[in-house]
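As structure tokens, the structure follows; a few thoughts come after it.
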Amino acid sequence: CYSIDFKRLDHESLLSPDSDRIQMLEEFRAIKRPLIGNAFQEGAAALKRGNLIMVTSALPGEGKTFVSINLAVSMAMEMDRTVLLVDADVAKPSVSRVVGIPDSLPGLIDVLANDQVDLADVLIKTNIENLTVLPAGRSHRFATELLASESMFAMAQELSQRYPDRLVILDTPPLL
């Protein structure tokens, strides 16, 4: 279990389980409610893989990692949900840096680039109950191509279906 420093999150103006940022907590509750509803609907209105939530932006520096981390922490505080936060911005991974996970650890790209690396071995359980992090992993010259590969599609499908209570938040590269 990796211990995320809650004071560090507070210093970065992020939520933590013991956060006293009441207004921000309420704002992220308002954001997460419809997302959770979409993720776990049943019947005709159900979305296929609705529990996969991609957070992106047009340009770097617009706050996608801020939103991804706060959304993940807020959702992890739900009673019956688990959250996997994926650092999929492999060109400029920020999730691990912000929460204090060493960037030298294997992660997403390692799994995609090497079928000998098992996904379960690179997931990092945290001291925030119900929150696991999948770091970006080590730098790879074909990182962009790996993200666009069939392997990534298959992994996203597996992440979506493996646990019925799991919300998967992907912090992705900016579009431009």
Side-chain angles (χ1 to χ4, degrees), residues 1-17 39 49 51-76 81-163 165-176:
C1 179
Y2 182 80
S3 184
I4 295 174
D5 182 352
F6 295 165
K7 287 183 183 180
R8 179 183 180 138
L9 291 181
D10 188 55
H11 183 266
E12 298 278 342
S13 299
L14 295 164
L15 297 176
S16 70
R49 289 185 289 281
N51 62 333
L52 292 176
I53 301 165
M54 183 176 94
V55 179
T56 192
S57 63
L59 299 169
E62 292 184 329
K64 63 181 184 54
T65 300
F66 175 85
V67 170
S68 297
I69 293 171
N70 281 326
L71 193 57
V73 170
S74 180
M75 288 177 163
R81 303 285 174 229
T82 60
V83 179
L84 174 61
L85 176 58
V86 180
D87 194 350
D89 187 352
V90 296
K92 190 180 172 192
S94 298
V95 169
S96 297
R97 178 186 50 78
V98 172
V99 300
I101 295 172
D103 61 2
S104 60
L105 295 177
L108 175 64
I109 289 300
D110 301 279
V111 174
L112 295 174
N114 183 351
D115 60 0
Q116 301 300 311
V117 178
D118 188 56
L119 177 61
D121 294 335
V122 298
L123 295 176
I124 299 174
K125 184 80 178 125
T126 71
N127 60 325
I128 298 176
E129 194 172 347
N130 301 327
L131 177 64
T132 300
V133 175
L134 174 56
R138 298 184 196 114
S139 180
H140 192 284
R141 65 186 187 134
F142 295 117
T144 302
E145 290 78 6
L146 289 166
L147 286 178
S149 70
E150 274 300 312
S151 295
M152 181 62 194
F153 178 79
M155 180 187 294
Q157 196 165 16
E158 178 186 351
L159 293 174
S160 172
Q161 295 173 351
R162 182 177 278 187
Y163 300 104
D165 67 335
R166 178 187 279 169
L167 293 149
V168 181
I169 299 172
L170 297 116
D171 183 47
T172 65
L175 298 172
L176 302 176

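Numbers for residues simply follow the sequence, beginning at 1. Quick caveat, the model's predicted, so the values are computed rather than measured.
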Which value, rounded to the nearest 0.5 Å, describes the distance between [X] atom [atom1] and [Y] atom [atom2]?
X: T172; Y: M54; atom1: OG1; atom2: CE; value: 4.5 Å
X: C1; Y: N127; atom1: SG; atom2: CG; value: 5.5 Å
X: S13; Y: I69; atom1: OG; atom2: CD1; value: 12.0 Å
X: T126; Y: L85; atom1: OG1; atom2: CG; value: 9.5 Å
X: L176; Y: L59; atom1: CG; atom2: CG; value: 5.5 Å
X: L123; Y: T132; atom1: CG; atom2: OG1; value: 6.5 Å

What are the two closest heavy atoms between [X] and [Y], and how far apart are they?
X: S68; Y: V55; value: OG-CB, 3.3 Å
X: D87; Y: L108; value: O-CD2, 4.1 Å
X: A143; Y: V90; value: CB-CG2, 3.5 Å
X: P93; Y: A136; value: CB-CB, 3.6 Å
X: P135; Y: I124; value: CG-CD1, 3.7 Å

Does the side chain of [Y] come within less than 4.5 Å of [X]'s, by heavy atoms?
X: T65; Y: D89; value: no
X: F142; Y: I109; value: no
X: M75; Y: I53; value: yes
X: L134; Y: L119; value: yes
X: L14; Y: V73; value: no
X: L9; Y: L15; value: no
X: L105; Y: V122; value: no
X: Y2; Y: I101; value: yes

Backbone N/O of [Y] and side chain of [X]: donor-acceptor pair under 3.5 Å:
X: R8; Y: V98; value: yes
X: T56; Y: P173; value: yes
X: S149; Y: L146; value: yes
X: N130; Y: V83; value: no
X: S57; Y: K64; value: no

- Message: Using the rule given for side-chain contact (heavy atoms from CB on, under 4.5 Å), can you reason through L112 versus H140, listing the C-alpha separation, both sets of side-chain angles and the distance that settles it, and then say yes or no?
- Response: CA-CA 10 Å; L112 295 174; H140 192 284; over 6 Å; no
- I128 vs F6, side-chain contact (heavy atoms from CB on, under 4.5 Å): CA-CA, chis, key distance, verdict: CA-CA 9 Å; I128 298 176; F6 295 165; 3.6 Å; yes
- Query: Excluding sequence neighbours, so at least two apart, what forms side chain to side chain contact (heavy atoms under 4.5 Å, CB included) with D103?
  - Reply: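 Per chain and number, D103 pairs via side chain to side chain contact (heavy atoms under 4.5 Å, CB included) with no residue.
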- Message: For residues 124-141, which residue pairs pass the salt bridge (Lys or Arg N to Asp or Glu O under 4.0 Å) check, not counting sequence neighbours?
- Response: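 Passing the test, one end in residues 124-141: D110-R138.
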- Query: Which pairs with one or both residues in residues 151-163 pass side-chain hydrogen bond (donor to acceptor under 3.5 Å, both in side chains), sequence neighbours excluded?
  - Reply: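 Found N51-S160, E158-R162.
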